[in-house]
Amino acid sequence: MQERYVPQTIEHEAQEYWDRTGAFRVTEDPARPKYYCLSMFPYPSGKLHMGHVRNYTIGDVLTRYYRMRGYNVLQPMGWDAFGLPAENAAMANKVPPAKWTYDNIAYMRKQLQSLGFALDWQREIATCDPTYYKWNQWMFLKMLDKGIAYRKTQVVNWDPIDQTVLANEQVIEGRGWRTGAPVEKREIPGYYLKITQYAEELLEHVQKHLPGWPERVRLMQENWIGKSTGVRFAFPHDIRDASGALIGEGRMWVFTTRADTIMGVTFCAVAPEHPLATHAAAGNPSSRPSSRNASKGGTTEAELALKEKEGLPTGLHVTHPLTGDKIEVWVGNYVLMSYGDGAVMGVPAHDERDFAFAKKYGIPIRQVVGVAGETFSTEAWAEWYADKQRGRCVNSGQLDGLDLQGAVDKVAELLGARGLGEKKTTWRLRDWGISRQRYWGTPIPIIHCDEHGAVPVPEQDLPVVLPQDCVPDGSGNPLNRRADFLNVPCPKCGKPARRETDTMDTFMDSSWYFARYACPDNAATMLDERARYWMPVDQYIGGIEHAILHLLYSRFFTRAMRDEGLLETSEPFTNLLTQGMVLAEMYHYDSPEGRREWINPADVTVERDAKGRPLSARRVSDGQAVVADGIGTMSKSKNNGVDPQALIEQYGADTARFFIIFTSPPTQSLEWSDEGVDGSFRFLRRVWNFGAAFAQQCGKADGAAPDAAGPDAAAQAVRHEIHTILKQANYDVQRQQFNTVASGTMKILNALEKLPAGASPVKEEGLSILLRLLSPITPHLCHHLWRELGFGEDVLAAAWPEPDPAALEQDEIEYVVQISGKTRGNVRAPKSADREALQALALASPQIQKYVAGQPVRKVVVVPGRLINLVV
RNA sequence: GCCGGAAUGGCGGAAUUGGUAGACGCAGCGGACUCAAAAUCCGCCGACUAAUCAUCGUAAGGGUUCGAGUCCCUUUUCCGGCACCA
């Protein structure tokens with residue numbers, strides 16, 4: 001066996017072997033239990049980043065582990081290939097998104113292969129391939145048929161200079177990223193998917209039927225769906241538009257979960273797009289610019305929440321449905337047309353936002369809820385004003401004295417009697433808008449005809465293929481200038497018509513790719529019986545940042561496919577592992593010209609004091625002092641990324657994999673450390689060296705039973721230690737805490753190195769345990785040593801190691817002795833010792849007697865096998 | 001702002017149900033080997049202390065318990081999501 005550990009050579013050989021033997025190609029096998037292990041597919045941004053390496057290493061460890069456990073394991077890979085970055089790259093480099101994307105895919109595929117992942121590459125998919133997105137279109141048409149997809153207006157960010165729609169990401173502090181112009185809100189038509197139709201089912205299942213998901217993700221989804229019961233009611237009015245017709249049939253509808261405060265309504269607020277608001281703006285020229293003002297700024301919930309609440313009186317009044325009072329209507333910049341009815345009631349006394357709004361505009365504040373022992377003041381807001389538990393109605397006529405539920409019931413009854421309202425369940429969850437005014441996405445299969453309106457493309461004409469050669473330039477969707485794409489005959493009448501140029505949200509692509517991996521080659525149907533074999537995914541792995549949107553859309557889409565008869569399962573992912581982010585140190589220095597430059601941690605040296613604490617940092621190249629900014633996510637802007645490629649080339653894939661697994665538990669963030677990588681490499685080299693010494697001293701493994709070690713107490717102690725570590729490691733694998741599995745392999749090597757040189761059954765057994773335990777993490781090294789040392793043909797085919805119960809047995813147990821809960825010493829006791837014997841042993845120990853010092857023992861607590869606590 | 005997390009030595013982390021805090025590794029210090037260096041191997045390594053004992057110590061403050069990193073309450077800081085980034 002070769003003396004030096006040269007990862008590049010053995011990794012290449014192992015990958016060649018797996019490739020040649022088709023080791024990771026899988027087919028449906030009813031005889032074995034199936035295990036579908038899936039990592040979120042990457043966006044082909046150019047090259048792999050550490051987050052990818054971490055994600056896929058975790059998946060690969062699971063894949064190889066379950067395979068050795070005897071499962072039929074599928075682990076596929078593909079590309080989330082549509083999206084905005086390709087258009088940005090096109091603008092920067094004048095390269096069509098298609099070429100950029102496919103080049104990136106080719107490069108990143110090579111990178112993935114060099115990491116030795118147990119992937120079935122025959123199942124690779126790219127969402128920008130017409131054979132894939134054809135089925136987005138097909139499913140969309142099915143949804144249109146069923147009314148699950150529909151068309152309505154949506155609010156978008158509009159850049160007035162580029163005349164284009166901006167993504168939220170392209171809005172920086174309320175301005176367009178390229179033009180710097182203040183962004184406006186605009187209403188345009190778009191397609192929606194009725195995810196709300198599944199709201200009840202999505203909520204119930206996330207609450208009761210997803211035990212394999214982290215509690216926090218389930219909670220986030222639950223809050224996102226946001227079921228709330230309340231009252232929807234109307235303020236009657238007599239406001240007519242220019243033609244004399246009653247606006248909204250004389251009803252202004254609102255929804256509230258706090259109907260108990262209805263007597264405290266002192267104003268109402270409507271969205272700027274609400275019919276009453278547009279009516280007021282039309283009738284009153286002076287309010288027009290202000291109304292436009294309300295439409296400024298971004299569309300995100302976070303922006304609205306942080307924005308100062310601003311309003312504008314419309315001069316219009318509606319009637320309070322119970323008191324008959326006139327209530328003034330305001331336009332509020334914080335009210336969204338797409339939420340409920342686009343109007344809210346304002347109760348300043350019991351809603352913090354309304355309170356601030358009323359103070360600002362001098363609107364009356366009327367207390368209608370009281371809490372015993374508290375005094376209300378209109379001067380300052382207090383938490384208890386909104387207390388749902390302790391509050392009782394006051395100043396509210398016949399509601400007085402009622403609690404929240406009682407008052408809501410009563411109000412619903414009163415309103416119902418007048419035909420002005422009723423109890424209603426509402427959802428925070430909104431329908432999913434899928435139209436994007438962008439080029440690089442799945443074309444929405446619709447044709448617009450002057451006569452027949454929006455006509456679906458007939459099924460046999462699918463896919464509507466996206467032209468491959470467009471180059472976006474920032475001036476909107478280039479499809480609008482492609483005559484060969486735009487001009488089509490209407491499917492209904494054959495007259496000239498125009499193709500829809502909006503494309504689909506890329507979340508559409510990622511909402512079902514997991515099922516397509518089962519049958520990527522099927523040109524005739526979206527999914528077939530193979531999908532029913534592999535689905536659901538047994539283990540899904542990906543970033544916590546997808547906890548809500550991607551996972552919720554996928555759960556919805558899976559149900560839509562189920563209802564289409566394509567799948568039998570409702571939930572796509574049985575178990576979910578949300579991996580943490582990858583972080584690195586950040587350093588910068590400010591140049592004399594005031595320019596801030598971020599320095600890559602690899603180019604920085606740190607001076608330390610005698611205890612290893614950092615003192616100062618300088619740039620290696622010129623000794624320039626730099627400022628440490630702590631740690632943060634690896635990003636281009638902070639220049640603190642570590643390129644996986646350089647790492648693999650220097651240390652090999654196994655070192656990269658081992659470091660990533662060893663350094664943090666999968667669900668926590670991982671902090672990069674070049675020294676840590678060095679340490680991982682040193683460990684793998686020690687494993688190699690141990691194997692080389694074994695080959696030299698012992699030759700080939702002969703499978704001798706460790707019992708043959710006989711009464712050699714030292715060897716048996718090592719064996720006990722190894723099997724104890726193995727037991728813990730198996731527990732850790734099962735609970736997916738792989739970092740301690742990695743440290744377990746280090747402990748086993750430490751134990752093995754205590755054994756004397758030369759062959760021994762304990763050594764051979766220990767090494768075979770070590771190699772198998774380590775093989776999912778560093779498959780190349782273990783593949784090589786397993787064969788080379790004669791343990792077998794292929795470590796993939798080896799059985800997962802189990803501890804020998806006999807080796808775990810111990811005659812004597814070391815007990816911790818505490819006096820009144822403070823640890824004061826240890827005693828060794830036979831494992832058969834009972835409570836009294838343990839107490840006597842503890843009291844007899846000189847180190848313990850010192851602390852007891854003749855005091856009476858009031859109580860004795862014994863934890864079997866661990867601890868004796870004497871309370872004095 | 002709302003929802004969801006996290007915090008343990010100089011650093012990453014360990015401690016399964018409340019039971020010896022700091023496993024394993026990194027960095028640091030000392031030594032062996034060497035002409036020397038690298039590599040490797042051995043020892044030390046929370047604070048306080050000359051050292052031992054003792055005491056203190058798991059973001060901060062309080063509580064429950066024979067016993068709290070772990071359970072409860074309050075606070076602080078950092079991170080993820082907020083519907084057109086993926």
Side-chain angles (χ1 to χ4, degrees), chain A residues 40 42-43 45 80 83-85 154 156-157 165-171 214-217 219-220 222-224 226 299-307 338 352-353 429-430 432-438 505-507 510 543-550 552-553 578 580-581 583 606 608-614 630-633 662-665 667-680 682-683 686 689 728 731-732 735 737 739-740 742-747 750 814-826 858-861 863 866-872:
Chain A
M40 290 179 184
Y43 179 80
S45 55
D80 189 11
L84 203 50
Q154 52 179 354
V156 295
N157 300 305
V165 175
L166 299 177
N168 284 335
E169 190 194 45
Q170 297 171 319
V171 179
E215 175 67 21
R216 60 167 165 153
V217 175
L219 249 178
M220 280 194 252
E222 202 176 312
N223 290 333
W224 186 262
T299 57
T300 72
E301 189 188 333
E303 268 180 302
L304 291 173
L306 287 167
K307 191 156 73 172
S338 50
E352 194 168 359
R353 282 184 321 179
L429 182 68
R430 313 201 294 261
W432 173 16
I434 57 154
S435 290
R436 298 290 180 271
Q437 296 69 42
R438 306 196 198 294
D505 180 6
T506 57
F507 273 126
S510 57
I544 183 71
E545 66 274 20
H546 296 289
I548 298 175
L549 292 181
H550 163 59
L552 192 62
Y553 291 147
T578 52
M581 322 221 84
L583 315 174
V606 177
R608 293 170 189 279
D609 69 9
K611 296 200 165 179
R613 286 175 219 146
I631 53 163
T633 50
F662 172 69
T663 300
S664 288
T667 54
Q668 278 179 37
S669 59
L670 180 149
E671 192 178 322
W672 198 260
S673 145
D674 288 332
E675 294 81 9
V677 173
D678 252 333
S680 297
R682 282 201 295 267
F683 168 66
R686 269 174 66 208
N689 291 341
Q728 179 66 42
Y731 175 77
D732 290 342
R735 64 175 172 148
Q737 187 173 285
N739 57 322
T740 48
S743 63
T745 63
M746 288 172 142
K747 289 177 187 175
N750 289 346
E814 187 163 79
Y815 277 82
V816 173
V817 183
Q818 297 185 334
I819 305 297
S820 299
K822 290 210 171 207
T823 301
R824 297 301 187 185
N826 307 77
R858 289 195 291 122
K859 188 177 169 187
V860 181
V861 181
V863 181
R866 301 193 84 147
L867 167 141
I868 308 157
N869 185 11
L870 306 172
V871 185
V872 296

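In what follows, chains are A, B, ... by sequence order, proteins preceding strands, each numbered from 1.
- For A50(B) and G67(B), the C1' atoms lie 34 Å apart once the distance is rounded to whole Å.
- Across all strands, Trp432(A) comes closer than 4.0 Å to no nucleic acid atom at all (heavy-atom distances).
- Here Lys859(A) does not reach the OP1 or OP2 of U65(B): none of its side-chain N or O atoms lies under 4.0 Å away.
- Using a 4.5 Å heavy-atom cutoff, the side chains of Gln154(A) and Val165(A) are not in contact.
- Distance from the side chain of Gln737(A) is smallest to A15(B) among A15(B), G13(B), A86(B).
- Remark: Gln154(A) is not in phosphate contact with A83(B), judged by side-chain N or O atoms under 4.0 Å from OP1 or OP2.
- One C1' atom belongs to G46(B), the other to A21(B), and the distance between them is 10 Å to the nearest Å.
- Nucleotide G28(B) has C44(B) as its partner under the Watson-Crick or G-U criteria, with both atom distances under 3.5 Å.
- With its glycosidic angle within 90° of 0, G9(B) adopts the syn conformation.
- Contact annotation for Glu352(A): no contact, since no heavy-atom pair falls under 4.0 Å across all strands.
- Using a 4.0 Å heavy-atom cutoff across all strands shown, Met581(A) reaches sugar-phosphate atoms only and no base atom.
- In this structure, Arg430(A) does not reach the A83(B) phosphate: none of its side-chain N or O atoms is under 4.0 Å from OP1 or OP2.
- Scored by the salt bridge (charged side-chain N to carboxylate O under 4.0 Å, His left out) test, Arg216(A) finds no partners at all (sequence neighbours excluded).
- Scanning for salt bridge (charged side-chain N to carboxylate O under 4.0 Å, His left out) contacts around Glu215(A) gives Arg218(A), with sequence neighbours left out.
- Leu549(A) CG to Phe507(A) CZ: the interatomic distance, rounded to the nearest 0.5 Å, is 5.0 Å.
- For Gln728(A) and A14(B), the CD to P distance is 12 Å, given to the nearest whole Å.
- Among the nucleotides U55(B), U16(B), A86(B), the one closest to the side chain of Asp80(A) is A86(B).
- At a threshold of 4.0 angstrom between heavy atoms, the contacts of Arg216(A) are confined to the sugar-phosphate backbone, with no base atom among them.
- Distances were taken from every side-chain heavy atom of Asn223(A) (C-beta onward) to each of C84(B), G4(B), U16(B); the shortest belongs to G4(B).
- Residue Gln170(A) places no side-chain atom within donor-acceptor reach of the base of C85(B), judged by atom type and a 3.5 Å distance cut-off alone.
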Report the C-alpha distance between Gln818(A) and Leu867(A) in whole Å, list the side-chain angles of each, state the deciding distance to 0.1 Å, and finish with yes or no for side-chain contact (heavy atoms from CB on, under 4.5 Å). CA-CA 8 Å; Gln818(A) 297 185 334; Leu867(A) 167 141; 3.6 Å; yes

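- Between Glu675(A) atom CD and C11(B) atom P there is a gap of 14 Å when expressed in whole angstrom units.
- The side-chain heavy atoms of Met746(A) and Arg686(A), taken from C-beta on, include no pair separated by under 4.5 Å.
- Ser664(A) has no side-chain polar atom (N or O) that falls below the 4.0 Å cut-off from OP1 or OP2 of G12(B).
- Comparing Glu215(A) and Arg735(A), the nucleotide of RNA chain B nearest to each residue sits closer to the 5' end for Glu215(A).
- Taking atom CH2 of Trp224(A) as the reference point, atom C1' of G81(B) lies 7 Å away to the nearest angstrom.
- Between the P atoms of G18(B) and G13(B), the separation comes to 24 Å (whole Å).
- A distance of 9.5 Å separates CG of Asp505(A) from OG of Ser435(A), quoted to the nearest 0.5 Å.
- Residue contacts shown for His550(A) are absent, as no nucleic acid heavy atom lies under 4.0 Å away.
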Would you tabulate the nitrogen or oxygen pairs shorter than 3.5 Å linking the protein to nucleotides 68-77 of chain B?
none

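- No engagement by Arg858(A) is indicated, since no non-hydrogen atom pair under 4.0 Å with the nucleic acid exists.
- Look at G22(B): it lacks any Watson-Crick or wobble partner with both distances under 3.5 angstrom.
- One interatomic measurement links the two molecules: CZ of Phe507(A) to C1' of C84(B), which rounds to 10 Å at whole-angstrom precision.
- Within the nucleic acid shown, Leu670(A) has no heavy atom closer than 4.0 Å to any nucleic acid atom.
- With a 3.5 Å ceiling on both atom-pair distances, U64(B) lacks any Watson-Crick or G-U wobble partner.
- Spacing of C1' atoms, G31(B) relative to U17(B), comes out at 45 Å, to the nearest Å.
- Within the 4.0 angstrom heavy-atom criterion, only backbone atoms of the sugar-phosphate kind lie near Tyr43(A); the bases stay farther away.
- Between the side chain of Gln170(A) and the backbone N or O of Ala167(A), at least one donor-acceptor pair lies under 3.5 Å.
- Interatomic distance, CD of Gln437(A) versus CG of Asn157(A), reported as 10.5 Å (0.5 Å rounding).
- In this structure, Val156(A) reaches the bases: a heavy-atom distance under 4.0 Å links it to at least one base atom across the strands shown.
- If Thr633(A) and Val165(A) are placed on RNA chain B by their nearest nucleotide, the residue sitting closer to the 5' end is Thr633(A).
- For A32(B) and A37(B), the P atoms lie 11 Å apart once the distance is rounded to whole Å.
- U17(B) makes up no base pair with any nucleotide shown, lacking Watson-Crick or G-U wobble contacts both under 3.5 Å.
- In this structure, of G5(B), C85(B), G81(B), it is G5(B) that holds the atom nearest to the side chain of Leu219(A).
- If you check G80(B) for Watson-Crick or wobble pairing at under 3.5 angstrom, you find it paired to C3(B).
- Here, A68(B) and C73(B) have their C1' atoms 15 Å apart, quoted to the whole Å.
- Residue Arg824(A) places its side chain closer to U55(B) than to any other of A83(B), U55(B), A86(B).
- Applying the salt bridge (charged side-chain N to carboxylate O under 4.0 Å, His left out) rule to Glu814(A) yields the partners Arg828(A); only residues at least two apart in sequence or on another chain are considered.
- A gap of 14 Å separates the P atoms of A59(B) and A14(B), to the nearest Å.
- Applying the side-chain hydrogen bond (donor to acceptor under 3.5 Å, both in side chains) test to Glu222(A) and every residue at least two apart in sequence or in another chain returns Gln207(A).
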N/O-N/O pairs, protein side and nucleotides 18-25 of chain B side, under 3.5 Å:
| unit_1 | atom_1 | unit_2 | atom_2 | d |
| --- | --- | --- | --- | --- |
| G19(B) | N2 | Gln818(A) | OE1 | 2.8 |
| G19(B) | N2 | Asn869(A) | ND2 | 3.1 |
| A23(B) | O2' | Lys747(A) | NZ | 3.1 |
| G25(B) | OP1 | Asn750(A) | ND2 | 3.2 |

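- Summarising the geometry, the separation between CG on Asn689(A) and C1' on C41(B) is reported as 12 Å, rounded to the nearest angstrom.
- Here, G10(B) and G1(B) have their P atoms 32 Å apart, quoted to the whole Å.
- Residue-level contact check: Pro42(A) touches neither bases nor backbone, having no heavy atom under 4.0 Å from any strand.
- Residue-environment remark: CZ (Arg866(A)) stays at or below the threshold of 12 foreign heavy atoms within 6.0 Å.
- Here C85(B) is the nucleotide among C11(B), C26(B), C85(B) with the atom lying nearest to any side-chain atom of Pro85(A).
- Using a distance-only test at 3.5 Å, with no hydrogens or angles considered, no donor-acceptor pair links the side chain of Asp732(A) to the main chain of Gln737(A).
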